[in-house]
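Below: one structure, written as structure tokens.
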Amino acid sequence: MKMDEFSLRIQNLCEKHDYDYNKLSRELGFSDNTFGHYARGERTPDIFTLVKIADIFQVSLDYLIRGTEPNGESLRSLQPIFKRAGITDPSIFKIEIWQALSPESIKQINHHFNFTVNQDLKKE
């Protein structure tokens, strides 16, 4: 994440939504000047703070971090794969489940996914 682009993006979001940094800091549960550090590129928010900021401004994490919107088509294209496997309501699409996971759990899931893919590729 390029901090100068990120800080400019959150500055613009604050202006667009008429938020000052102190108000946003308090809404995030921080001391008054904490958000200003993010907006000036002096500090990097953790993933949980990024999610809260995205929720407040009603933007995606992709937009907040990269400046681009996610390609929802790629997620929708997974539906037939789950259906073929007999999974009608995949938990992987439920954001509330992901938000409840710790960063370590998310890393473990990613590691397991990569391991499983590699195992299947070795079978071919």
Side-chain angles (χ1 to χ4, degrees):
M1 166 169 59
K2 293 183 180 178
M3 282 307 295
D4 53 341
E5 293 174 8
F6 171 75
S7 59
L8 182 60
R9 207 164 11 264
I10 60 176
Q11 289 171 26
N12 290 336
L13 286 167
C14 284
E15 287 177 26
K16 180 180 175 183
H17 293 272
D18 198 30
Y19 266 95
D20 66 44
Y21 300 159
N22 291 341
K23 178 182 176 184
L24 198 49
S25 288
R26 287 188 299 272
E27 195 162 325
L28 292 168
F30 300 136
S31 62
D32 279 358
N33 60 359
T34 300
F35 189 81
H37 293 293
Y38 302 146
R40 291 186 297 275
E42 297 167 356
R43 290 176 56 189
T44 305
D46 64 28
I47 187 67
F48 300 107
T49 302
L50 286 170
V51 169
K52 289 178 185 178
I53 294 169
D55 287 347
I56 288 169
F57 292 125
Q58 297 180 337
V59 296
S60 69
L61 283 173
D62 273 351
Y63 174 76
L64 195 60
I65 296 169
R66 298 182 189 157
T68 60
E69 286 300 328
N71 180 355
E73 196 57 41
S74 61
L75 285 177
R76 283 189 285 280
S77 65
L78 291 175
Q79 289 288 12
I81 296 169
F82 284 110
K83 189 174 183 177
R84 194 172 61 232
I87 302 170
T88 58
D89 189 22
S91 297
I92 199 164
F93 293 137
K94 297 178 181 174
I95 189 67
E96 64 276 4
I97 292 173
W98 286 96
Q99 288 174 331
L101 295 174
S102 70
E104 185 57 36
S105 293
I106 293 171
K107 286 178 187 176
Q108 289 176 4
I109 291 167
N110 188 55
H111 177 73
H112 181 71
F113 177 80
N114 289 329
F115 173 80
T116 303
V117 169
N118 287 330
Q119 290 300 107
D120 270 2
L121 292 174
K122 287 178 184 176
K123 291 177 188 176
E124 294 178 356

Taking only Lys NZ, Arg NE, NH1 and NH2, and the carboxylate oxygens of Asp or Glu, determine whether Asp32 and Lys23 approach each other closer than 4.0 Å.
no
Rounding to 0.5 Å, atoms CG (Leu13) and CD1 (Ile53) come to a distance of 9.5 Å
Shortest non-hydrogen pair, Thr44 vs Tyr38, comes out as C-CE2, 3.9 Å
Tell me whether Asn33 at atom CG has more than 12 heavy atoms from other residues, nucleotides or ligands lying less than 6.0 Å away. yes
Inset, instruction - Apply side-chain contact (heavy atoms from CB on, under 4.5 Å) to the pair Ile56 and Glu27, showing each step before the final yes or no. - result: CA-CA 9 Å; Ile56 288 169; Glu27 195 162 325; 3.6 Å; yes
#### Entry: Asn110 side chain to Ile106 backbone, donor-acceptor under 3.5 Å
no
Within a reach of under 6.0 Å around CD of Glu104, are more than 12 heavy atoms found that belong to other residues, nucleotides or ligands? yes
Do Ile87 and Ile81 sit in one hydrophobic cluster, given that two such residues count as connected whenever their side-chain heavy atoms are within less than 4.5 Å of each other, even indirectly?
yes
- Any donor-acceptor N or O pair under 3.5 Å, side chains Asp46, Thr49: yes
Here the pair of heavy atoms bringing Ile65 nearest to Arg9 is O-NH2, 2.9 Å
Value for CD (Gln119) from CZ (Phe115), rounded to nearest 0.5 Å, stands at 4.0 Å
Could you tell me whether Lys94 atom NZ has more than 12 heavy atoms of other residues or ligands within 6.0 Å of it?
yes
- When you look at Phe30 and Asn22, which way does the side-chain contact (heavy atoms from CB on, under 4.5 Å) test go after all the steps? CA-CA 9 Å; Phe30 300 136; Asn22 291 341; over 6 Å; no
Practice problem: With salt bridge (Lys or Arg N to Asp or Glu O under 4.0 Å) as the test, would you mind laying out the steps for Arg40 and Glu42 before giving the verdict? | Solution: CA-CA 6 Å; Arg40 291 186 297 275; Glu42 297 167 356; 3.1 Å; yes
Smallest heavy-atom separation, Ser7 atom then Gly41 atom, equals CB-N, 3.8 Å
Indicate, with yes or no, if the rings of Tyr19 and Phe35 have centres closer together than 6.0 Å. no
* To do: Please check if the side chain of Arg43 supplies one atom and the backbone of His37 the other of a donor-acceptor pair under 3.5 Å.
  => no
Heavy-atom nearest pair, Ser31 first then Ser25, reads O-CB, 3.0 Å
_I'd like to know if Lys123 pairs up with Asp120 as an ion pair, taking the criterion as any Lys NZ or Arg NE/NH1/NH2 lying under 4.0 Å from an Asp or Glu carboxylate oxygen._
yes
In terms of heavy-atom contacts, Trp98 and Ser91 come closest through NE1-O, 4.2 Å
dist Ile95:CD1 -> Leu61:CG (nearest 0.5 Å) comes out at 7.5 Å
Any sub-3.5 Å donor-acceptor pair from Ser105's side-chain atoms to Leu101's backbone N or O? no
Check step by step if side-chain contact (heavy atoms from CB on, under 4.5 Å) holds for Leu64 and Ile10. CA-CA 7 Å; Leu64 195 60; Ile10 60 176; 3.6 Å; yes
Determine whether Thr88 and Gln79 make a side-chain contact, defined as any pair of heavy atoms from C-beta on separated by less than 4.5 Å. no
Contacts of Phe82 meeting ring-ring contact (aromatic ring centres under 6.0 Å, His included) (sequence neighbours excluded), chain-then-number -> Phe93
| message | Between Phe6 and Leu50, is the side-chain contact (heavy atoms from CB on, under 4.5 Å) condition met? List the steps. | response | CA-CA 11 Å; Phe6 171 75; Leu50 286 170; 3.7 Å; yes
**Asked** For atom CZ of Phe113, is the number of surrounding heavy atoms from other residues, nucleotides or ligands below 6.0 Å larger than 12?
**Response** no
